[in-house]
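The structure presented is a predicted model; accordingly, all values stated were derived computationally and were not measured. Lettering follows sequence order; numbering is per chain, from 1.
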Amino acid sequence: MSSKHLYLVDGSGYIFRAYHRLPPLTNRHGTPAGAVFGFTTMLWKLINELHQSDGPTHLAVILDASSKTFRNEMYDQYKAHRPPPPEDLVPQFPLIRDAVRAFSVPCIEELGLEADDIIACYSEAALAAGWQVTIVSSDKDLMQLIRPGLDLLDTMNNRRLGREHVLEKFGVEPEALGDVLALMGDSVDNVPGVPGVGPKTASELIRTYGNLETVLASTDQIKKPKLKQSLIDHADNARLSRELVRLKCDSPLPEPLDGLELKGLPPEPLRAFLEDMGFKSLLSKIQGDGPATLPGGGPTMLALAPGAEEKPAPVVEQVPFNHKDYETVVDEAALDRWIAEGFACGRIAVDTETDSKDPVRARLVGVSLATAPGKACYIPLAHVGDGLLSETPTQIPMAVAIAKLKPLLEAPDILKIGQNIKYDMVVFERNGGIRVAPYDDTMLLSYDLDAGLGGHGMDELAKRHLDHACIEFKTVCGTGKSQISFDKVTLDVATEYAAEDADVTLRLWQRLKGRLASEAATRVYELVDRPLVPVLADMEMAGIKVDREELARLSAEFAGEAARLEALIHAEAGGPFTVGSPKQLGDILFDKMGLKGGRKGKTGVYSTDVTEMERLAGEGVAIARLVLDWRQITKLKSTYTDSLQGEINPATGRVHTCFSMAVAQTGRLSSTDPNLQNIPIRTEHGRRIRDAFVAEPGKVILSADYSQIELRLAAHMADVPALKDAFARGDDIHALTAQEVFGEVTRDTRARAKTINFSILYGISAFGLSGRLEVSRAEAQDMINRYFARFPGINHYIAATLDQVRSTGFTTTLFGRKTHLPWIKSAKQGERQSAERQAINAPIQGTSADIIKRAMVRMNPALAAAGLGDVRMLLQVHDELVFELDPGQVDAASEVIRSVMAGAAEPIVELSVPLGVEIGTGPSWGAAH
DNA sequence: TGGTTCACG
DNA sequence: GACGTACGTGAACCAG
């Protein structure tokens, strides 16, 4: 007798039952997780029963891959009236897939088949092989499969359902159940059945006449006139229903039976998942060394055989890239086919092609879609001929395509997958009013999994994960002066390039998504980075108004000032030269004028940077001060007052930056085209540029910034009582440091203390500090020693952080964001030390980034809830958020903004220091500070 | 294209 | 005893 026992979990059915049975639990992130919890508990319990009599030796979770199946071809009304899943259940579906992966259990879904059919196929195969089968479900359709060797397990009521159960409930043998179900119909699935026939009648009819066909053939014997007529009138419906409830058991198995073997339970992915979800009660079961149990469960299989912790390689289809297989979609029927395919698959990769890298200017040129590896298309929409050789090709009209794509891109049950999907969101919103949702972003998946291990652009990811070299943009559009916009690319070339992007995106998603849970990145992805995408898209589209005339006035003024300074510099130098050339300046200063100074760097040029020039200026060298002033003025002019005028979008009259989400190694955003995160403020000249960032007429600018957030986080993370108490009291933290390190608080010691505090955040060295404070190394070392003595905890934080990065290769923020630092093991001292300093800084800078991102994600809903829906968030500058609003909204908005920002860490992280938020308002950004 | 400098947090 | 020396960005400019 075979001892093999296959358990098939009806995942979809279970999810719904768990959802309705359990109270609306939320996990530690405030995300609904009741169904996930029920599911996780059930799966755990099942796995625990491995090696018990009647316990599973093989296990798989079966899910519905799509809402459309072969039954829809039989009957287009099948499941047509089924309401969409409840709103708080939808986000739990992906988490349940994560749970299955965390258990290292196969998760099987197949296009065009319902979970029930897949279960039937596996049951058939397993029984044929002499195995026992248990289906974890209490679905009546699945009860058709009951026979010797196969039963159902109803985990909700903890009972096994066999032949007796079917007899009791339906009055017939399981083999006849399909006929009963066909007569009954099913209002939920919209199986028609025969009107007026319920379970009782159906059962009696089958018992009396044997099967459906004999019932339909024997209507003349039926006494009740209404029933008789109904059976006659709806015989066809009954036959259709019979086919609809029949389970398809002859499809090939997506995974061979042996692939479902249940091995132990690798604890790490599971631990990561449970921690991530905050399932403390379950987590406590796997902590400690003793055999863990669940209430009512047996011992877990956490004690693994040696080597068993090796994670099996994820099963990902390896389909070769064949660009000729991509389809160019130029007629509506083909588009309809692709859209239907997207609905059937449940998820689809999407990419847009446009005529500009700037999404706020870009016009949509085409859309590419991918539904499976190698299966992708390009839908050209605005391609034109080149005016010489080619003519404008026939394409689907833009409005028609948009109208057809919109339902797919906005369908709440269809996942849209993009690479840097923020770009596509902005393009779709502006070119068709489409709000893409729900979505995944492969760039962000990579960023949250692999920050520090390389870039996250598609070409690089394709190389790294798929060993595939993408067609480069420049080979399609050229480069430099001869570059053409994408709408001039011929359709065949455009299709190969664009469809490949969607294809690659889908394949990357398959590789990356499954790693989230097992590598503990779900939290930061789902609760921080992914939800931030539409928030940033809105900010980019909103832009900020700048006063062009004011910038022009400043440019003219700075030009005059620069010319004046340049003349003075040339006079001092004894002749004209290019002041902006560090090489020429160095030669003038240190060779021609004979000033003291040293060579620096490999290139052999003299250093003329700000510290060197300040040193000379301090020694009374007149030209040094003039050069510094000249540099500041020309910098401000070229980078800001000149360039910014050209960045004003003619259509909106505003400046629209682009926020990059996957550049900074620590989790911070960055800003480009133009960079609005480095607008001057520190000098008087610079501040005037910030004054040119103004509110629209009738509005005001509000700026809210975290006060000393990184130092507060350091106090919390390093657990420094003196610092935490000072922050709790609202003391001047630099004065406190001055008191502790120098014994007195003066203007000078406070300034030095401030420098020391920053040094700590950056990974201090005595040499570096000595340079900045202009004291000897010994004195600097002395200050550091006193700092560590007065603030115990800092030392320990540094040591513990370095320990962690050396053993795991990455640091983590309080929210679990990773920064990988592979150089930590470098043989070169310099590289290694650099990585060590990064390791000390990354958790602090990264936690700060996580917190403000969470504030941003929560901001618009909070404002809307307070009736402040038209307050617009415009910019983020690392610890500052900038808004534009009506003057009358300032007081109410300030309170909402303050409370969202101050509470942004909660409830995931409870900080032992308060987060201070300072708010200012005014007609301009400069005035709001 | 790489190096240098400097604007911001 | 020598080594190299503060974290994270982006943009403009010069020079090869």
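Residue A:Ser643 is in sugar-phosphate contact alone, with no base atom involved, counting any heavy-atom pair closer than 4.0 Å across all strands shown. Within 4.0 Å (heavy atoms only), A:Gln584 reaches sugar-phosphate atoms of the nucleic acid but no base atom. Residue contacts for A:Arg682: at a heavy-atom cut-off of 4.0 Å it reaches a base atom on one of the strands shown. Backbone-only contact: A:Thr608 has heavy atoms under 4.0 Å from sugar-phosphate atoms and none from a base. Contact annotation for A:Asn678: base contact, defined as any heavy-atom pair under 4.0 Å involving a base atom. Within the nucleic acid shown, A:Asp673 comes within 4.0 Å of sugar-phosphate atoms alone, with no base atom in reach, counting heavy atoms only. When heavy atoms are screened at a 4.0 angstrom cut-off, A:Gln632 is found touching the sugar-phosphate backbone but no base atom. Looking at heavy-atom distances under 4.0 Å, A:Ile679 makes contact with sugar-phosphate atoms alone, never a base. Among the atoms of the strands shown, none is found under 4.0 Å from any heavy atom of A:Thr657. Using a 4.0 Å heavy-atom cutoff across all strands shown, A:Ile681 reaches sugar-phosphate atoms only and no base atom. Residue-level contact check: A:Gly580 touches the backbone only, with heavy atoms under 4.0 Å from sugar-phosphate atoms and none from bases. Within the 4.0 angstrom heavy-atom criterion, no nucleotide atom of any strand lies near A:Ser848.
Distances were taken from every side-chain heavy atom of A:Gln845 (C-beta onward) to each of C:dA12, C:dG10, C:dG8; the shortest belongs to C:dG8. Here the nucleotide nearest the side chain of A:Val663, chosen from C:dG10, C:dG8, B:dG9, is C:dG10. Relative to the side chain of A:Thr672, the nucleotides B:dC6, B:dA7, C:dA11 differ in distance, and C:dA11 lies closest. Across C:dG4, B:dG9, C:dC14, the shortest atom-to-atom separation from the side chain of A:Gln833 is found for C:dG4. For A:Ser670, whose side chain is taken as the heavy atoms from C-beta onward, the closest listed nucleotide among C:dC3, C:dT9, B:dA7 is C:dT9. Closest to the side chain of A:Val610, out of B:dC6, C:dA11, C:dA15, is B:dC6. Listed candidates were C:dG8, B:dC6, B:dA7. Nearest to the side chain of A:His878 is C:dG8. Of the candidate nucleotides B:dA7, B:dT5, C:dT5, B:dT5 has the atom lying nearest to any side-chain atom of A:Pro582. Residue A:Lys635 has its side chain nearest to B:dC6 when only C:dG8, B:dG9, B:dC6 are considered. Residue A:Arg777 has its side chain nearest to C:dT5 when only C:dT5, C:dA11, C:dA6 are considered.
Note: OH (A:Tyr606) to P (B:dT5) measures 14 Å, nearest angstrom. Going from atom CG of A:Leu761 over to atom P of C:dC7 covers 12 Å, rounded to whole Å. Look at CZ on A:Phe767: it is 12 Å from C1' on C:dA6, rounded to the nearest Å. Protein atom NZ of A:Lys637 is 18 Å distant from nucleotide atom P of B:dC6, rounded to whole Å. Spacing between atom CG of A:Asn675 and atom P of C:dG8 amounts to 17 Å, rounded to whole angstrom units. Atom CG in A:Leu773 sits about 14 Å away from atom C1' in C:dT5, given to the nearest Å. Computed from coordinates, the A:Leu676 CG to B:dG9 C1' distance equals 14 Å when rounded to whole Å. Rounded to a whole Å, the CE atom of A:Met613 is 16 Å from the P atom of B:dT4.
At least one side-chain nitrogen or oxygen of A:Arg837 sits closer than 4.0 Å to the OP1 or OP2 atom of C:dC7. OP1 or OP2 of B:dC6 lies within a sub-4.0 Å distance of a side-chain N or O belonging to A:Arg631. Between C:dA15 and A:Ser581, a contact under 4.0 Å exists linking OP1 or OP2 to a side-chain N or O.
Shown are A:Asp529, A:Asp448, A:Asp879; of these, the salt bridge (Lys or Arg N to Asp or Glu O under 4.0 Å) with A:Lys853 is made only by A:Asp529.
Aromatic ring centroids of A:Phe558 and A:His685 lie under 6.0 Å apart.
When only modelled atom types and interatomic distance are considered, A:Asn757 and A:His734 share a side-chain donor-acceptor pair under 3.5 Å. Defined by atom type and a distance below 3.5 Å, a donor-acceptor pair is present between the side-chain atoms of A:Ser834 and A:Gln838.
On a pure distance criterion of 3.5 Å, no polar donor-acceptor pair joins the side chain of A:Lys583 and the base of C:dC14. The base of B:dC8 does not come close enough to the side chain of A:Gln677 for any donor and acceptor atom to sit less than 3.5 Å apart. Interface remark: the A:Arg832 side chain does not form any donor-acceptor pair with the C:dG4 base, using a distance-only criterion of under 3.5 Å. For a distance-only test at 3.5 Å, the side chain of A:Ser759 qualifies as a donor-acceptor partner of the base of C:dA6.
For the P atom pair drawn from B:dT5 and C:dT5, the interatomic distance equals 15 Å after rounding to whole Å. A distance of about 24 Å separates the P atoms of C:dG4 and B:dC6, rounded to the whole Å.
Ring orientation note: the planes of A:Phe810 and A:His820 are nearly perpendicular, at an angle over 60° on the 30°/60° scale.
Residues A:Ala753 and A:Ala738 approach most closely at CB-N, 3.5 Å, considering heavy atoms.
In terms of modelled atom types and a separation under 3.5 Å, the side chain of A:Thr608 and the main chain of A:Gly586 share no donor-acceptor contact.
Shown here, C:dA2 forms no base pair; nothing in the strands shown gives a Watson-Crick or G-U wobble contact with both key distances under 3.5 Å.
In this structure, A:Arg854 does not pair ionically with A:Asp850, as no charged nitrogen and carboxylate oxygen lie closer than 4.0 Å.
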